[in-house]
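If you're wondering where the values come from, they're calculated on a predicted model, not measured in any experiment.
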Amino acid sequence: QVQLVESGGGLVQAGGSLRLSCAASGRIFANYIMGWFRQAPGKEREFVAAIRWSVGTTYSADSVRGRFAISRDNAKNTVYLQMNSLEPEDTAVYSCAVNRRGLAFQRWNEYDYWGQGTQVTVSS
């Protein structure tokens, strides 16, 4: 069992930055993938970024590549999402999640544990 707690969301102006954190309690095994997803009102949940826990390989959606960066701190069992050059279209609830099988990291239904989410609002 893994529990996830996100923090760092808030209101920011377009062009600004935020860093989200996701603290995990419980055992994180080497083959796990940690991912960030977002969901805006009236839209489907969308993959944002993911990282392989053991080797640190990262993946990101085309819509955020070059602006967002995912990283992890193994000692703290924490994953981060650094978001730069934020746009109003980035407004959503951001959630972190754990994928135990380490496969299909872009599919939200492949993830087993989820945090409660944190709101990110970008004003124009």
Roughly how far apart are [X] [atom1] and [Y] [atom2], rounded to 0.5 Å?
X: C22; Y: Y94; atom1: SG; atom2: OH; value: 15.0 Å
X: L81; Y: L18; atom1: CG; atom2: CG; value: 9.5 Å
X: W36; Y: S60; atom1: CH2; atom2: OG; value: 15.0 Å
X: N109; Y: N99; atom1: CG; atom2: CG; value: 10.0 Å
X: I51; Y: T57; atom1: CD1; atom2: OG1; value: 8.0 Å
X: Q13; Y: S123; atom1: CD; atom2: OG; value: 5.0 Å

ring-ring contact (aromatic ring centres under 6.0 Å, His included) pairs, two or more places apart, involving residues 49-82: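 Output for this query lists Y59-F105.
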Answer yes or no: are there more than 12 heavy-atom neighbours, outside [X] itself, under 6.0 Å from its atom [atom1]?
X: Q116; atom1: CD; value: yes
X: R65; atom1: CZ; value: yes
X: W114; atom1: CH2; value: yes

Quick check: is [Y] connected to [X] through a chain of hydrophobic side chains (ILVMFWY, heavy atoms under 4.5 Å apart)?
X: I28; Y: L20; result: yes
X: L11; Y: V93; result: no
X: V2; Y: F29; result: yes
X: Y32; Y: W108; result: no

Smallest separation among heavy atoms of [X] and [Y], with atom names:
X: E110; Y: R101; result: O-NH2, 3.1 Å
X: T78; Y: S21; result: CG2-CB, 4.3 Å
X: R38; Y: S63; result: NH2-OG, 3.7 Å
X: T91; Y: A40; result: O-CB, 3.6 Å
X: S85; Y: S17; result: N-OG, 4.3 Å

Whether R19 side chain and G8 backbone form a donor-acceptor pair below 3.5 Å: no
Side chain to side chain, M34 and V98, heavy atoms closer than 4.5 Å: yes
side-chain hydrogen bond (donor to acceptor under 3.5 Å, both in side chains) between R72 and N74, worked out: CA-CA 6 Å; R72 83 220 188 287; N74 296 62; 3.2 Å; yes
Geometric class of the Y111/F37 ring pair [parallel <30°, tilted 30-60°, perpendicular >60°]: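 Because their plane-to-plane angle is over 60°, the rings of F37 and Y111 count as perpendicular.
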CA sep, side-chain torsions, deciding dist, call: C96, L4, side-chain contact (heavy atoms from CB on, under 4.5 Å): CA-CA 7 Å; C96 67; L4 304 170; 3.8 Å; yes
Partner of D90 under side chain to side chain contact (heavy atoms under 4.5 Å, CB included), chosen from V120, V122, V48: V122
Working for side-chain contact (heavy atoms from CB on, under 4.5 Å), residues S95 and R45: CA-CA 10 Å; S95 300; R45 188 175 295 175; over 6 Å; no
